[in-house]
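Chain naming here is simple, since letters A, B, ... match the order of the sequence lines and numbering starts at 1 in each.
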Amino acid sequence: MKTVMIVDDALFMRKTIKKMFERAGYEVVAEAENGKEALDKYMTKKPDVITMDIAMPVMDGLLSLKEILKIDETANVLMVSAIGQEELVGEALACGAKGFIVKPFTEELLMSAVDQLF
Amino acid sequence: MVKKSYMLFSIKDRYYAVNVDYIQEIINSVKILDIPRKKDYCEGIISLRGEILPIINGRKIFNIEKPNLKDDETVIILKNKEDYFGLLVEKVIDVLKIREDEFLEANAKNNIQGIIKSNEKLYKFKNYTVIVLDINFFDKI
Amino acid sequence: MKKEESLFDIFLYETTHLLDEMETKLLEAESNKRTNKEWIDNVFRIMHTIKGSSAMLNFKKLSELSHGLEDVYSFIRDNNIELTSEIIDISLEVVSFIKNEIETLEENGDLGKDITPLKNRIKLIFENLKNFKGKKSNYKVKIKFKKDCMMEDIRALDAKNKLEKISKVLETFPTILKGPDSCKEISEKGVSFLVNSDFKESEINNMLKKILFVEKSSVTPYEFKDLKKVEEEEEEEIEDIKDRKHYISVDVNKLDNLLNTVIELVTSRAVLEDRVLKEFNKSEEIENLFYNLNERIKELQENVMEIRMLPINRVFSSMKRLVRDMSKNENKKIELKFVGEETEVDKNIIEDLYNPIMHIIRNAVDHGIESRETRENLGKSSVGTIILKAKTEGGNIIISICDDGKGLDRKAILNKAIDKGYIKKSNREITDKEIYSLIMKPGFSTTETINEYSGRGVGMDIVYEDVKKLGGVVKIDSKENTGTTIDLIIPLTLSIVSGIKIISNNISYIVPINSMKLIFKEKREDIVKDTNGNMFIVIDNINYPLINLNSYYADSNYIDNRNKIIMLIEASEEEKFAIAFDEIGGEYQVVVKTFPKYLKKCTKSLRGLSGCTTMGDGTISYIVDVTGLALELNKKVSE
């Protein structure tokens with residue numbers, strides 16, 4: 001079973017995304033509120049997929065992405081963005097994020113993106 | 001040996017037969033229309049369900065006298081590959097079932113009238129000698 | 001009763017169609033060099049299909065041969081290699097080879113000739129292709145993102161960045177990849193890039209497929225053009241594939257029966273209408289009912305007749321190959337153009353048109369069109385033109401073959417004709433057209449060279465006979481150094497003719513209404529005879545040849561003294577003549593049928609008749625062959 005880490009500062013988003021993954025048969029092994037927590041938990045859990053919100057306190061998604069990729073450049077990081085964050089998304093992709101999904105999104109859209117990673 | 005079916009018909013006092021495989025139908029009253037420059041053995045043409053076919057006068061090809069046409073004469077519609085035509089005869093009598101070995105050969109003893117080619121087949125039916133026609137006969141008239 | 005169509009019949013039908021399709025595509029590619037991915041896929045698919053089905057029927061050699069070409073096209077497709085004329089040539093050769101052998105496949109169990117030489121050549125070409133080093137090529141990359149994935153502008157930009165790692169991106173469409181407008185456009189139409197890369201198509205496509213939310217992607221090779229134009233062209237091609245016709249093979253006898261039934265229906269309706277309207281006095285309601293019935297039956301009739309009609313393009317397009325091969329052989333540059341190739345002709349006669357048209361075109365290429373140097377010296381364009389034209393006119397189809405070559409040698413023909421005794425050195429002027437039609441007499445060829453295509457003087461007499469069998473006529477016109485035009489005028493087997501019924505010797509005939517010019521009662525004084533016994537009539541001070549139908553259709557010199565009706569006929573602008581007959585009837589619209597084979601045996605001659613028809617009252621009328629009569633009169637006069 002594939003493992004997932006969900007990174008978002010909003011509890012509601014984390015819970016919603018978690019439900020979507022569980023329904024699709026994934027195991028959610030970690031949740032993080034900011035980029036730093038995400039980096040720490042990444043090192044211990046090594047999830048197969050990471051959904052990374054962009055705007056977060058302490059360390060934002062872009063920086064966290066870069067750090068994670070330093071550890072494992074093949075990490076599957078899916079950026080979660082909102083309209084208006086074009087620049088950051090573009091940079092994230094340029095750095096090596098596997099792709100991005102735009103809020104609000106449907107379960108179907110999320111899953112089709114995740115499935116394409118494997 | 002298998003018996004094959006032949007349609008027996010007559011013109012005046014002569015009897016002929018043709019393999020039913022080549023007979024499409026028999027029609028009794030038909031309006032025969034003239035065509036330009038017709039050969040003397042051709043009576044004219046008819047329209048049969050949209051198809052146009054010539055009618056050949058049996059009397060003329062078998063050289064039987066009395067060329068007058070009667071209204072109650074019969075036409076046998078024959079079809080052989082692309083050849084499709086009607087043969088005007090006097091009476092259609094019956095279907096004969098003949099086996100290959102029952103044919104007779106044409107020779108003087110068989111008491112036939114008219115001119116017969118040596119390879120034509122004959123058959124004895126009651127008192128009559130029937131000339132069994134090969135369908136290719138009509139190719140060569 | 002016909003047997004169930006065997007698997008072999010279906011294979012033959014399908015394979016023949018596929019080969020024709022392939023040949024057309026190859027010739028197109030040769031002339032305008034358009035070979036995009038669609039084209040290569042098509043040719044590949046054709047070879048693949050033939051390989052498969054021939055294997056099913058155990059035609060090993062055929063399967064191997066098509067397999068060989070399939071490999072070549074597969075390789076070209078995957079590696080985006082430019083199509084060379086060598087590949088086109090060998091493909092055409094393979095197509096011809098198979099076409100020649102295909103009919104006897106069933107009897108012989110496989111292709112008759114040895115395929116080893118062809119197979120080896122294909123192999124050699126294939127090896128050469130493989131050794132060909134990859135070079136930088138231009139591609140068009142097209143991506144469509146999944147619906148509603150949002151921020152398509154960024155996605156497109158991401159794709160562009162990724163492409164830039166393995167190629168040079170030359171152009172983008174839409175040009176601006178930013179903002180809500182471009183998002184909308186990309187979401188609806190996708191994004192396209194023009195790139196130049198030394199990576200293979202498949203490698204580029206694989207990279208694209210890894211991008212998230214890419215629903216569809218394609219990488220196709222192409223020549224540098226405006227991206228937008230290429231987009232439009234691609235859309236056009238998708239249209240073409242959509243309305244490509246689907247064919248089913250139908251037993252012609254079934255069609256014949258269907259048509260006969262419909263014709264009988266037409267007749268029955270006429271008789272019914274006649275009777276009913278006699279019983280009931282003019283009733284508007286009944287008239288309306290019949291009007292509707294008439295319209296429906298007319299539609300049915302037209303539809304059924306249309307099923308039997310095929311576009312003459314079938315015959316025309318096979319000439320392209322012939323001209324190509326011949327002109328290559330003789331080192332002449334010749335362009336073959338078509339006009340009216342969509343004109344439809346009854347299935348019955350389409351098969352019989354191949355030979356006459358082919359003969360005429362062979363002559364045109366061989367003897368008509370001059371060599372390049374000769375043409376240039378004469379100030380003509382170095383490329384010779386042959387135009388194949390088709391049009392329908394008054395119940396006939398007119399096929400014209402027109403070349404801009406050196407024309408017919410009037411003097412040589414005249415001399416030969418006098419030599420052979422076809423013409424007496426009379427003091428009457430012979431028109432050019434009459435001289436040119438002499439080449440249709442047997443034994444006429446003013447060139448002594450024999451080559452692979454022409455044999456010994458490709459007989460125009462054979463063409464004449466072929467066309468005559470179809471009930472048609474041939475007209476020839478020519479001008480020195482300008483060219484030659486040959487017209488084949490053939491009656492459409494199933495045409496509806498409007499005509500006037502006339503009666504001669506109690507037989508009724510129909511004269512096509514558009515040939516009629518004048519009708520009046522005969523006056524003895526106006527008729528004259530010449531020394532040969534030919535009759536003429538004077539109308540408005542002009543002399544017209546007169547045919548007495550009573551004698552003409554009786555083939556005798558039957559003359560009667562009744563007061564007759566004279567009709568002035570115009571077969572064409574220059575051919576006017578008059579006919580005399582007994583009575584005149586009404587106007588009719590009839591369906592013309594050709595004379596069945598056996599019927600021809602029962603008459604001495606069907607001259608002057610172009611068919612027959614069943615009239616509404618059950619009688620039969622004969623259609624007067626106006627063009628044929630005119631031609632006969634022409635010949636008579638020149639004798």
Side-chain angles (χ1 to χ4, degrees), chain B residues 18 20-25 27-62 67 69 71 75-89 133-141, chain C residues 253 256-268 301 304 494 503-509 549-556 558 581 590-625:
Chain B
V18 170
V20 299
D21 285 347
Y22 299 108
I23 299 182
Q24 179 176 283
E25 66 193 278
I27 46 187
N28 280 308
S29 64
V30 59
K31 199 170 171 200
I32 301 181
L33 299 150
D34 208 356
I35 53 169
R37 309 192 197 98
K38 63 179 188 208
K39 290 192 180 157
D40 66 347
Y41 55 76
C42 176
E43 276 302 299
I45 64 180
I46 63 169
S47 165
L48 189 64
R49 287 184 303 278
E51 286 248 34
I52 295 183
L53 30 145
I55 304 295
I56 299 182
N57 191 336
R59 281 193 166 80
K60 298 259 172 74
I61 54 173
F62 300 128
L69 210 75
D71 279 324
V75 175
I76 303 177
I77 305 289
L78 294 164
K79 195 169 175 129
N80 175 26
K81 294 181 215 153
E82 287 177 2
D83 292 342
Y84 190 35
F85 58 92
L87 179 66
L88 183 63
V89 304
L133 300 166
D134 187 277
I135 193 68
N136 294 316
F137 169 84
F138 297 100
D139 262 350
K140 306 164 195 156
I141 47 176
Chain C
N253 290 326
D256 279 342
N257 289 337
L258 181 60
L259 184 67
N260 276 335
T261 309
V262 172
I263 291 177
E264 286 297 278
L265 184 62
V266 169
T267 306
S268 305
Q301 185 176 31
V304 171
L494 302 169
I503 301 181
S504 157
N505 270 344
N506 290 320
I507 300 180
S508 56
Y509 301 86
L549 291 189
N550 286 7
S551 348
Y552 179 77
Y553 285 124
D555 215 12
S556 70
Y558 169 61
F581 46 91
V590 295
V591 178
V592 181
K593 305 187 96 189
T594 43
F595 294 108
K597 217 178 96 172
Y598 200 75
L599 191 141
K600 294 182 191 167
K601 268 203 220 176
C602 298
T603 65
K604 294 177 197 155
S605 161
L606 289 168
R607 287 160 48 221
L609 299 169
S610 63
C612 48
T613 180
T614 36
M615 308 291 284
D617 56 1
T619 56
I620 296 174
S621 286
Y622 303 92
I623 317 291
V624 176
D625 178 13

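The neighbour count for Asn506(C) CG, taken as heavy atoms of other residues, nucleotides or ligands under 6.0 Å away, does not exceed 12.
For Tyr509(C), the part lying near chain B is the side chain, with the backbone staying farther off; criterion is any non-hydrogen pair under 4.5 Å. Only the side chain of Tyr41(B) comes within less than 4.5 Å of a heavy atom of chain C; its backbone N, CA, C and O stay farther away. For a residue to count as touching a neighbouring chain, one of its non-hydrogen atoms must lie under 4.5 Å from one of that chain's; by this rule Ile56(B) touches chain C with the side chain only. For Ile507(C), the part sitting under 4.5 Å from any heavy atom of chain B is the side chain, from C-beta outward, and nothing else. In this structure, chain B has a heavy atom under 4.5 Å from the side chain of Leu609(C), while its backbone stays farther away.
In this structure, Leu33(B) CG and Ser621(C) OG are separated by 9.0 Å, a value rounded to the nearest 0.5 Å. Here the straight-line distance linking atom CD1 of Ile55(B) with atom CG of Leu599(C) works out to 10.0 Å at 0.5 Å rounding. The distance from atom CG of Asp40(B) to atom NZ of Lys604(C), rounded to the nearest 0.5 Å, is 7.5 Å.
Under a 3.5 Å cut-off, the side chain of Arg37(B) and the backbone N or O of Ser605(C) do form a donor-acceptor pair. Proximity of a side-chain donor or acceptor of Lys31(B) to a complementary backbone N or O of Thr619(C) within less than 3.5 Å is not detected.
Inter-residue side-chain proximity for Ile45(B) and Ile620(C) is flagged as met; some heavy-atom pair is nearer than 4.5 Å. Considering only heavy atoms from C-beta on, Leu53(B) stays 4.5 Å or farther from Tyr598(C) through its side chain.
Summarising the geometry of Pro36(B) relative to Tyr553(C), their closest heavy-atom pair is CB-O, 3.4 Å, with the distance given to 0.1 Å.
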